[in-house]
2 protein chains.
Amino acid sequence: MPEASAVVASSESGRKVTLGTQVYAALSQRLVGGELAPGEKISLRHIAETLGTSVMPVREAVSRLVADGALEVSPNKAVAVPVMTREAFCELTTVRVAIEGFAAEQAAYNHKNSDMAGIAAHDAAFRRECEAAIPDRVAALKANRNFHFALYAAADLPTLMPIITGLWLKIGPVLNLDLRLSSQRLAIGGAEAQHARAIAAVRARDGKEARAAIKQDIETTAGLIAATGRLAR
Amino acid sequence: MPEASAVVASSESGRKVTLGTQVYAALSQRLVGGELAPGEKISLRHIAETLGTSVMPVREAVSRLVADGALEVSPNKAVAVPVMTREAFCELTTVRVAIEGFAAEQAAYNHKNSDMAGIAAHDAAFRRECEAAIPDRVAALKANRNFHFALYAAADLPTLMPIITGLWLKIGPVLNLDLRLSSQRLAIGGAEAQHARAIAAVRARDGKEARAAIKQDIETTAGLIAATGRLAR
DNA sequence: TCAGCGTAAGTGTGATCACAGACCGCGGCA
DNA sequence: TGCCGCGGTCTGTGATCACACTTACGCTGA
């Protein structure tokens, strides 16, 4: 590796995490952060060069992402970010409501009181961005993501977290694509209200209410995106 | 490759599916089929030799399985089938009830009438094995698995299938471990009744009832395994 | 006979090389 | 001027080599 890469190569850290895992994390972050647009083609060698590694770790990371459905390999052997059809988007939303709703419900039952601070902090950051005069939309989406994952983590079901992460890996690109294209409005309708409702429900250990809040949060946001008519087919 | 392997090397088939995917399929089958016991160590080179390939495809398959939680890499760099604690088993059962129950419920709503034939056929095969004088337990478990997956596939939610497959990849080893060790009894208590109940509910498009049947099916089977006290910790 | 150390084999991980196939563009021909 | 064909480049995939590290066996010493 001639010159060190800024993305991987947190070279100071211990040699416990493999390069392939680091590449996977880097690609995941770009995917869920919307830096990779749907339909965009990916080249193993180009990514390897960008990240300052060889093709090997990139291959491992990409194969995992393909297995997760976060990337797609065309019959012509080209790796690309999948373009989501409206149908697939609706189906994904259905599954998200079921699984993330369940996670929220379990969080209401199983959370420790010490979990609430972090959840509330992320919600506060999200609310701050939403109510700002000139909202930083990237920061808002990041705070939103942090809020959701902190909430789900409070359910204390380790099996569930990678599953939900895989779901977000798929919606990340279309979410941020919408964000990028509709730069005039904040594509978050009443999310703050649902977040507050969810937090109150979790605090009260009311699982059904927490599930309902998350369900509405997901569905309204998904509805806004579907309404743009920007999805394929 | 000096001599052809019987496991991979379906050499007649087209060059559409990569070797890594074939190895992944082979390992998954061994895992869910219980040929790999919990705690058993595996070696990349040994598997490659067994399957008649190089380490490369095996590495890709194993990295995916590790990402899925179906395999585990110890801090000493050794890859092994995870030994499941009772706590983890209970948590996994909880998640399974939620997700597979949801899938059954959706199957009740969304299934096409043509789906029922396959589901009923697998159930019949399972019932046949259960009621046989000398039941073939491996065949019974396979029929059980086919029944569940055919049912879930009828939900027509493509996103859900890999998730459920990942769940079964984790329980496969402990399920078959129990099967192997308690060779005297058939560790399936009333599963046939729950299956019949589920089929009737799906036919009647009664989602709640279908979910309840699958929930009870999963929980009673899990309870039998947990009762053996064979789980770690 | 037993303890302890050193070497050798085996491990996963990463890099490099080799190869078949696809895609793009330039050049020649009608 | 338009169209067909061919060559070079780039793609992913698989094999082989190299390396740091762990483990375990066997030999040597007391």
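Computed from a prediction, not measured in an experiment: that's the story for all the values here. Lettering follows sequence order; numbering is per chain, from 1.
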Nearest-angstrom distance from the residue atom [atom1] of [X] to [atom2] of [N]:
X	N	atom1	atom2	value
A/Gln22	C/dG14	CD	C1'	12 Å
B/Met56	C/dT16	CE	P	14 Å
B/Lys41	D/dT22	NZ	C1'	12 Å

Solution key, residues 59-73 of chain A side-chain donor-acceptor pairs under 3.5 Å, sequence neighbours excluded:
unit_1	atom_1	unit_2	atom_2	d
A/Ser63	OG	A/Glu60	O	2.9
A/Asp68	OD2	A/Tyr24	OH	3.0

Below 3.5 Å between N/O atoms, which protein atoms pair up with nucleotides 7-13 of chain D? Just atom names and distances, please.
unit_1	atom_1	unit_2	atom_2	d
D/dT11	OP1	A/Ser43	OG	2.8
D/dG12	OP1	A/Ile42	O	3.1
D/dG12	OP1	A/Leu44	N	3.2
D/dG12	OP2	A/Leu44	N	3.0
D/dG12	N7	A/Arg45	NH1	2.8
D/dG12	O6	A/Arg45	NH2	3.1

Which pair of non-hydrogen atoms, one from B/Gln106 and one from B/Ala155, has the smallest distance, and what is that distance?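 In this case the closest contact between B/Gln106 and B/Ala155 is CB-CB, 3.8 Å.
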
Compare side-chain N and O positions of B/Asn76 against OP1 and OP2 of C/dT11 and report whether any pair is under 4.0 Å apart. no

With sequence neighbours excluded, what pairs up with [X] under the side chain to side chain contact (heavy atoms under 4.5 Å, CB included) test?
X	result
A/His111	A/Asn113, A/Asp115, A/Met116, A/Ala154, A/Val202, A/Arg205
B/Ala78	B/Lys41, B/Ser74, B/Asn76
B/Pro173	B/Leu31, B/Pro38, B/Val81
B/Ile164	B/Ile99, B/Glu100, B/Ala103, B/Phe149, B/Tyr152, B/Leu160, B/Trp168

